[in-house]
Amino acid sequence: MTKPCKCKKCCREVDVCNKEICGRPEALSIYAPVIYDEIGVNVCRTVKIPECIMEENPTVETIRADVIDVSLSKKMYGPKKDMDVCKAPPMHHPETSVKSTCKPNCSKVTLTNVCVTYDVKLYDGCDKFLTSTILTVNYLPADKYSPDYKYKDEKTNPSHITLELYTPYGVGTKGEKNKKYVNVVSLAEGRNQVVNGINLAGVGKAMNFSACDGTFSAGLSLILRTVYFEAYKIDYREKTTPPKADTEDEDERVCKKFVESGLLSREIKPLELEPPKCEGKLKEEKKCERECCTKAHTNPCKEEETEEDIEEDRCECDYE
């Protein structure tokens with residue numbers, strides 16, 4: 001039974017179908033995704049940047065790897081190595097699955113053959129962006145026919161990982177057979193939405209980068225979350241106020257503000273040479289924190305270069 005309306009007068013006088021109500025509510029009803037359970041796991045494997053990318057960017061010193069997509073189902077062919085993959089029949093292979101357990105409110109998720117797409121960005125010693133490249137690698141290889149099986153490691157990149165999640169309202173299904181599935185939330189088009197059920201997201205980190213051969217350790221955090229959309233009532237405070245864009249020219253605005261402001265008066269403190277401050281010591285020369293920007297940045301594995309080559313590769317940085 002619904003509670004009677006407190007404002008009987010306004011309820012009688014206003015027909016919201018013909019005239020909307022203006023103003024602010026005291027409480028706001030929302031329909032939002034709520035996390036009922038979450039768990040994560042870390043895996044790691046070696047990844048190699050293509051030689052052509054390294055050759056075109058000999059001054060690279062640091063990299064960054066961002067996960068842009070995760071795929072839990074990938075077609076594989078085999079088992080003959082000399083067979084054309086376009087003609088070979090697809091083989092049934094293990095893939096990530098969701099299964100019910102004897103406990104009705106929980107489900108088990110087995111992660112395997114997780115295909116991850118990285119956006120790898122290359123920088124020189126002055127943190128100047130050089131280029132980026134897209135790399136797709138496979139984690140948790142299920143068997144010897146899985147992609148990148150040579151990178152399998154029982155401690156850091158095993159064949160599979162099984163996790164248990166609290167799923168009191170059930171798990172999402174798809175297809176005519178109502179197959180249980182895990183929804184991937186990534187930055188790829190069409191895969192950036194949260195749904196009812198189990199959602200998976202990936203976060204990557206590049207470590208131990210070697211400029212000699214372009215290899216690095218790609219750490220990956222796989223996070224599973226049970227999400228259900230629920231209706232809630234929250235206290236209303238106010239709507240957000242987005243900042244207004246300023247279309248005025250920056251140079252004109254700065255000059256206008258300067259002319260209308262007070263006169264300049266620099267206030268620089270003389271040195272206090274006596275104790276207790278002894279500020280004369282501040283004149284002692286200290287090592288520049290950005291000294292790396294004044295020396296040549298070349299790939300340490302590159303063959304010996306001439307002085308002219310090194311001079312061309314010098315990093316030009318302007319720091320005040």
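Just so it is clear, the values below take in all heavy atoms, side chains as well, and ignore hydrogens, waters and symmetry mates.
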Connected via hydrophobic side-chain network under 4.5 Å: Leu222 and Ile161: yes
Within-4.5 Å side-chain heavy-atom neighbours: Val203 and Leu220: no
Closest non-hydrogen atom pair between Thr46 and Tyr151, with its separation: O-CE2, 3.5 Å
OG1-CD distance between Thr226 and Glu38, expressed to the nearest 0.5 angstrom: 9.5 Å
Contact check, side chains of Tyr118 and Thr133, non-hydrogen atoms, under 4.5 Å: no
Value rounded to 0.5 Å, distance of OG in Ser132 from CD1 in Ile53: 8.5 Å
Sequence neighbours excluded - salt bridge (Lys or Arg N to Asp or Glu O under 4.0 Å) pairs with any residue from residues 258-279: Lys269-Glu272, Lys269-Glu279, Glu272-Lys277
Within-4.5 Å side-chain heavy-atom neighbours: Lys257 and Val259: no
Co-membership, hydrophobic cluster, residues Leu135 and Ile63, 4.5 Å side-chain: yes
CA sep, side-chain torsions, deciding dist, call: Ser29, Lys233, side-chain hydrogen bond (donor to acceptor under 3.5 Å, both in side chains): CA-CA 4 Å; Ser29 299; Lys233 193 175 291 294; 3.1 Å; yes
Salt bridge flag under 4.0 Å for residues Glu26 and Arg24: no
Neighbour count above 12 (heavy atom, 6.0 Å) for Asn178 CG: yes
Option from Leu165, Val41, Asp37 for which side chain to side chain contact (heavy atoms under 4.5 Å, CB included) with Leu224 holds: Leu165
Lys174 atom NZ, neighbour heavy-atom count above 12 within 6.0 Å: no
Residue pair Leu187 / Asn192, side-chain heavy-atom distance below 4.5 Å: no
Ring geometry between Tyr123 and Phe129 (parallel below 30°, tilted from 30 to 60°, perpendicular above 60°): perpendicular
Asp153 side chain to Thr156 backbone, donor-acceptor under 3.5 Å: yes
Thr96 side chain reached by Asn113 side chain, heavy atoms, under 4.5 Å: no
Closest approach of Thr112 to Ala142 (non-hydrogen atoms, all atoms of both residues): OG1-CB, 3.3 Å
From CA spacing to verdict: salt bridge (charged side-chain N to carboxylate O under 4.0 Å, His left out), Asp66, Arg64: CA-CA 7 Å; Asp66 297 319; Arg64 173 177 172 174; 3.0 Å; yes
Straight-line distance of Asn57 CG to Cys52 SG, nearest 0.5 Å: 9.5 Å
Salt bridge Asp119-Lys121, side-chain N to carboxylate O under 4.0 Å: yes
Non-hydrogen atoms of Asn196 and Phe229 that approach each other most closely: OD1-N, 2.8 Å
Residues Val185, Leu200; criterion side chain to side chain contact (heavy atoms under 4.5 Å, CB included); working and verdict: CA-CA 6 Å; Val185 182; Leu200 178 143; over 6 Å; no
Joint cluster assignment, Val182 & Ile39, ILVMFWY side-chain distance < 4.5 Å: yes
Ser210 side, atom OG; Ile49 side, atom CD1 - distance, nearest 0.5 Å: 10.0 Å
Shortest non-hydrogen separation from Cys44 to Ser217 and the atoms involved: SG-CB, 4.1 Å
Donor + acceptor pair across side chains of Thr110, Thr162 (<3.5 Å): yes
Arg45 CZ to Leu140 CG distance, which is reported to the nearest 0.5 Å: 10.5 Å
Shortest non-hydrogen contact from Val98 toward Ser107: CG1-CB, 4.1 Å
Verify same cluster id: Val47, Val116 (apolar side-chain graph, 4.5 Å): yes
ILVMFWY cluster, Ile198 and Val227 together (side-chain gap under 4.5 Å): no
Transitive ILVMFWY cluster of Tyr232, excluding itself - 4.5 Å side-chain cut-off: Leu28, Ile30, Val34, Tyr36, Tyr166, Tyr169, Tyr228, Ile234, Tyr236
Beyond-backbone contact of Met54 with Val60, side-chain heavy atoms, under 4.5 angstrom: yes
Asp148 side chain vs Asn138 backbone, donor-acceptor pair below 3.5 Å: yes
Steps toward side-chain hydrogen bond (donor to acceptor under 3.5 Å, both in side chains) verdict (Ser100, Lys180): CA-CA 9 Å; Ser100 301; Lys180 297 179 180 179; 2.3 Å; yes
Where at least one partner belongs to residues 190-205, residue pairs that pass salt bridge (Lys or Arg N to Asp or Glu O under 4.0 Å), sequence neighbours excluded: Asp69-Arg191
Spacing of Asn157 atom CG and Lys152 atom NZ [to the nearest 0.5 Å]: 9.5 Å
Nearest heavy atoms of Glu61 and Gly125, plus distance in Å: OE1-CA, 3.7 Å
Side-chain (Ser71) to main-chain (Cys115) donor-acceptor, under 3.5 angstrom: no
Side-chain donor or acceptor of Asp124 paired with backbone N/O of Thr62 under 3.5 Å: no
